[in-house]
Amino acid sequence: MSSALKPLVLIVEDEPGIAEMLKYNLEKEGFRAVIAVNGEEAMLVTTEQSPNLILLDWMLPHLSGLEVCRQLRRAPKSKDIPIIMLTARGEESDRVRGLNSGADDYIVKPFSPSELVARVRAVLRRTSPALAEEVLRFADIVMDLASHRVRRDGHDIHLGPTEFRLLRHFMLHPGRVFSREQLLDLVWGHDVYVELRTVDVHIRRLRKALNEGGGEDPIRTVRSAGYAIDTKPS
Ligand code: CA
């Protein structure tokens with residue numbers, strides 16, 4: 001799996017040993033991970049990198065994990081990002097408060113790396129099923145994210161890396177129309193300078209590859225709005 005396809009986990013933890021251990025184990029299991037050492041940094045990283053999930057330690061300097069959780073839930077950009085709180089053993093009332101403040105789950109320290117990874121996967125599966133899955137399906141198109149294979153109606157489709165990311169993006173949001181600007185931002189990344197018409201070029205390539213074996217064109221062009229993967233209204 002290329003790195004852009006892996007879910008990004010933000011680790012908010014001030015103890016370097018624990019933060020590095022978490023990062024190491026998540027990366028080993030196919031996630032990307034980034035560390036923030038306090039609440040302020042966590043808010044900043046969240047805004048800039050839109051992580052797919054946040055592991056939030058309860059005990060942080062300055063802003064407590066609980067307060068960070070509340071702030072994340074209030075901010076439009078982060079209100080839907082799943083949060084797992086890391087708490088010390090026995091702090092039952094803390095856990096309840098954590099869940100009340102908007103956390104999706106909590107995990108009690110000390111925990112084993114495999115337990116943690118299992119919880120991360122479980123929360124992702126619940127909150128964003130497509131991210132936890134390794135295989136995406138739309139109509140007769142099957143995308144295996146792990147092996148990087150795309151098949152349509154049982155036949156292999158060969159895509160370049162950009163077309164692969166485009167298709168993945170569409171398949172994660174079937175029926176939703178994305179403008180060229182949005183696609184540039186979401187598929188190419190906002191720090192890359194690419195002309196808008198580049199999007200059209202790659203859409204054309206994606207379309208050609210998908211439709212080579214016949215069958216209906218799954219990419220819908222919405223005039224002056226953008227593109228979507230869609231089935232024709234019947
Ligand atoms: Ca801590």
Side-chain angles (χ1 to χ4, degrees), residues 1-134 145 172 186 189-191:
M1 209 188 283
S2 86
S3 65
L5 301 179
K6 296 175 180 176
L8 177 66
V9 178
L10 167 61
I11 300 160
V12 190
E13 168 63 89
D14 57 314
E15 287 159 71
I18 297 178
E20 284 302 331
M21 182 274 285
L22 293 172
K23 186 170 190 286
Y24 170 81
N25 281 285
L26 286 165
E27 288 177 345
K28 206 175 68 172
E29 293 294 325
F31 296 90
R32 287 177 298 144
V34 56
I35 296 170
V37 296
N38 57 46
E40 292 82 356
E41 205 177 301
M43 301 302 295
L44 195 71
V45 174
T46 300
T47 309
E48 285 177 348
Q49 303 194 36
S50 306
N52 300 106
L53 184 138
I54 299 171
L55 285 178
L56 180 56
D57 186 38
W58 187 275
M59 298 294 285
L60 291 170
H62 318 300
L63 283 178
S64 75
L66 191 68
E67 187 49 37
V68 176
C69 187
R70 289 203 186 100
Q71 291 198 10
L72 287 166
R73 280 294 167 262
R74 277 199 296 263
K77 260 200 112 164
S78 57
K79 66 180 175 43
D80 296 322
I81 301 176
I83 298 172
I84 300 180
M85 299 276 313
L86 311 176
T87 75
R89 188 171 292 283
E91 294 171 331
E92 196 63 56
S93 57
D94 283 357
R95 291 178 222 161
V96 173
R97 280 200 289 155
L99 293 177
N100 284 343
S101 69
D104 294 88
D105 199 0
Y106 59 85
I107 188 162
V108 181
K109 284 179 178 178
F111 46 78
S112 72
S114 55
E115 184 188 355
L116 173 95
V117 170
R119 297 291 274 282
V120 167
R121 282 199 207 284
V123 168
L124 277 180
R125 202 170 296 131
R126 204 169 66 220
T127 54
S128 34
L131 263 180
E133 295 309 325
E134 305 250 287
L145 301 178
L172 284 171
L186 294 162
H190 47 235
D191 46 354

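None of these values were measured; they are calculated from a predicted model. Read the numbers this way: they start at 1 and go in the same order the structure lists the ligands and their atoms.
The CG atom of L56 sits 11.5 Å away from atom CG of D104, with the distance rounded to the nearest 0.5 Å.
Put simply, the side chain of R73 gets close to the backbone of I81: a donor and an acceptor are under 3.5 Å apart. In terms of modelled atom types and a separation under 3.5 Å, the side chain of K77 and the main chain of T47 share a donor-acceptor contact.
At the Ca ion (ligand 1), the vertex angle linking OD1 of D14 with OE2 of E13 is 70° (nearest 10 degrees). Take the Ca ion (ligand 1) as the corner point: the lines to OE2 of E15 and to O of M59 open at 150°, to the nearest 10 degrees.
The pair E29-K6 does not count as a salt bridge, with every side-chain nitrogen at least 4.0 angstrom from each carboxylate oxygen.
Residue-level check: among N/O/S atoms of D57, OD2 sits closest to the Ca ion (ligand 1).
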